[in-house]
2 protein chains.
Amino acid sequence: MTDGRSRRREDTRQRLFEAAVELIAEQGFSATTVDDIAARAGVAKGTVYYNFESKTVLFEELLRHGIGLLTAEFRAAVAGLPPREAVAALVRAELEYIRRYRAFAQLLLSEMWRTNREWQQTLRLLRGEAIEVIAETVRAGVRSGDLPADLDVRTASSALFGVGLVVAVDWLVFQPERPIEDVQEALLGIVRRVAQT
Amino acid sequence: MTDGRSRRREDTRQRLFEAAVELIAEQGFSATTVDDIAARAGVAKGTVYYNFESKTVLFEELLRHGIGLLTAEFRAAVAGLPPREAVAALVRAELEYIRRYRAFAQLLLSEMWRTNREWQQTLRLLRGEAIEVIAETVRAGVRSGDLPADLDVRTASSALFGVGLVVAVDWLVFQPERPIEDVQEALLGIVRRVAQT
DNA sequence: ACCTTTGCACTGACTGGTCAGTCTAAAAAC
DNA sequence: GTTTTTAGACTGACCAGTCAGTGCAAAGGT
């Protein structure tokens, strides 16, 4: 392969990510053991350490992977859209993403506002990247006059991001029987002031 | 009554609560050791076990204590207010509470949506109590016609609760320099559809 | 006044278990 | 023949929970 990694190895890494994300979402990083992750992924413990330097590095790469996907979907969602629709599209993209990667979203919600953890710096950085995509859109909306000029872009963007997370995860955890359309509806209602839909 | 002994013991329990809430907010329940809690509270490890059955029970009593306070403030905030103003008052009370007990709010945000933890059932119950206060208010608003009749009370109430948490904690963690008035403003803007302020 | 007892609150060394990370030799996959 | 994975024993650190013992203040006895 061009990057020197075989497909097989990539598969193993993927399975480890999936096992880790589920367990960490349920129990948290500290309560999840490497033996658990290996067992759920169906590989030997040594394989975890063949593929990742440490438990912490595995988690950091997992964060990078997951937020990278989210950021990419944000970018795709707003491409070429006028500001009004772009904000609504961001909300939809976030919900769609959370529905697909529910465990990752849950994990993110739980670990996002921690302080004093080794990987905290990494997470802070990645969060900044995702929010920057939102901020670009909001900024464009303010510039074009579609959004109120007095809107604080930084606060609005991070609030938008956080609100989507919390409402969607709350839905997945506490009211999974509700159809996603209702949640989308509720969320768009909540952010109407920014979205102006 | 308030004999010297039990007052002393109550002080110790209070100090343990304060130490535990800070450490767990920063690091999470599993990553926080009983030795850490004892050290920060300035007592010996044995004292923790003299006052609480186990680490888990300490945490559960902490949750009960913290959410009990929040629920009480919610009730006090809406007492005698008409529905329109009551919802806004709830948001203000939540923000005020989070500002005062920032560590507890952070802890709540991080542990609220976990599954598969021993104390999960306790937390779910307590969350229900706090949200019920909000739901009563929203329900009254729907009944009186001040809030839209098609509003889903359960979803709206838990969304209201979660949104306040996430926006306020995000503010405390990532933009502590911003004045609280801005955050209150932003939050009221976000929930305007429900609050109708 | 002066011991003596009682029991509460607390102490900190200790125990038994758990877990991240290591290592090896051999097999499987490519 | 090189890379990747296996199985699992092992180590050392760490940690929840225990327990015999200390200090002390109030009660009771003399």
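What's counted below: heavy atoms across the whole structure, side chains too, no hydrogens, waters or symmetry copies. Numbered from 1 within each chain, the chains take letters A, B, ... in sequence-line order.
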Quiz item: At their closest point, which heavy atom of A86(B) faces which heavy atom of V78(B), and how far apart are they?
Solution: O-CG1, 3.8 Å
Quiz item: Within the pair T12(B) and dA9(C), is there a side-chain N or O less than 4.0 Å away from OP1 or OP2?
Solution: no
Quiz item: Residues in side chain to side chain donor-acceptor pair (under 3.5 Å) with E61(B), at least two apart?
Solution: R13(B)
Practice problem: Using the side chain to side chain donor-acceptor pair (under 3.5 Å) rule, collect all pairs that involve residues 49-59 of chain A, keeping only residues at least two apart or in two chains. | Solution: R9(A)-N51(A), T56(A)-E118(A)
Quiz prompt | With sequence neighbours excluded, residues passing side-chain contact (heavy atoms from CB on, under 4.5 Å) with V21(B) | solution = L62(B), A103(B), F104(B), L107(B)
Practice problem: Rounded to 10°, tell me the angle between the two end axes of the helix from dA1(C)-dT30(D) to dC30(C)-dG1(D), each built from five pairs. | Solution: 10°
Exercise. Round to the nearest Å and state the distance from F52(A) atom CZ to dT4(D) atom P.
Key: 13 Å
Exercise. Tell me, please, which residues at least two apart from E60(B) pass salt bridge (Lys or Arg N to Asp or Glu O under 4.0 Å).
Key: none
Quiz prompt | Partner set under side-chain contact (heavy atoms from CB on, under 4.5 Å) for R154(B), not counting sequence neighbours | solution = Q175(A), E177(A), D152(B)
Quiz item: For P179(B), which residues count as a side-chain contact (heavy atoms from CB on, under 4.5 Å) partner, sequence neighbours excluded?
Solution: E181(B), D182(B)
Quiz item: For G42(A) and Y49(B), take the nucleotide of DNA chain D holding the closest heavy atom to each; which residue's nucleotide lies nearer the 5' end?
Solution: G42(A)
Side-chain donor-acceptor pairs of residues 123-142 of chain A under 3.5 Å, sequence neighbours excluded:
| from | atom 1 | to | atom 2 | distance (Å) |
| --- | --- | --- | --- | --- |
| R127(A) | NH2 | D170(B) | OD1 | 3.0 |
| R127(A) | NH2 | D170(B) | OD2 | 3.0 |
| T137(A) | OG1 | V133(A) | O | 3.3 |

Pairs under 3.5 Å (N/O, protein and nucleotides 25-30 of chain C):
none

Indicate every side-chain donor-acceptor pair of residues 63-77 of chain A with a distance under 3.5 Å to a residue at least two apart or in another chain.
| from | atom 1 | to | atom 2 | distance (Å) |
| --- | --- | --- | --- | --- |
| T71(A) | OG1 | I67(A) | O | 2.8 |
| E73(A) | OE2 | R100(A) | NH2 | 3.4 |

Exercise. Calculate the interatomic distance between D11(A) atom CG and dT4(D) atom C1'; express it in whole Å.
Key: 12 Å
Practice problem: Let me know the distance between OH of Y50(B) and P of dT22(D), rounded to the nearest Å. | Solution: 17 Å
Using the 3.5 Å cut-off, write out each protein N or O paired with an N or O of nucleotides 9-15 of chain D and the distance between them.
none

Quiz item: For F161(B), which residues count as a ring pair (Phe, Tyr, Trp, His ring centres under 6.0 Å) partner, sequence neighbours excluded?
Solution: none
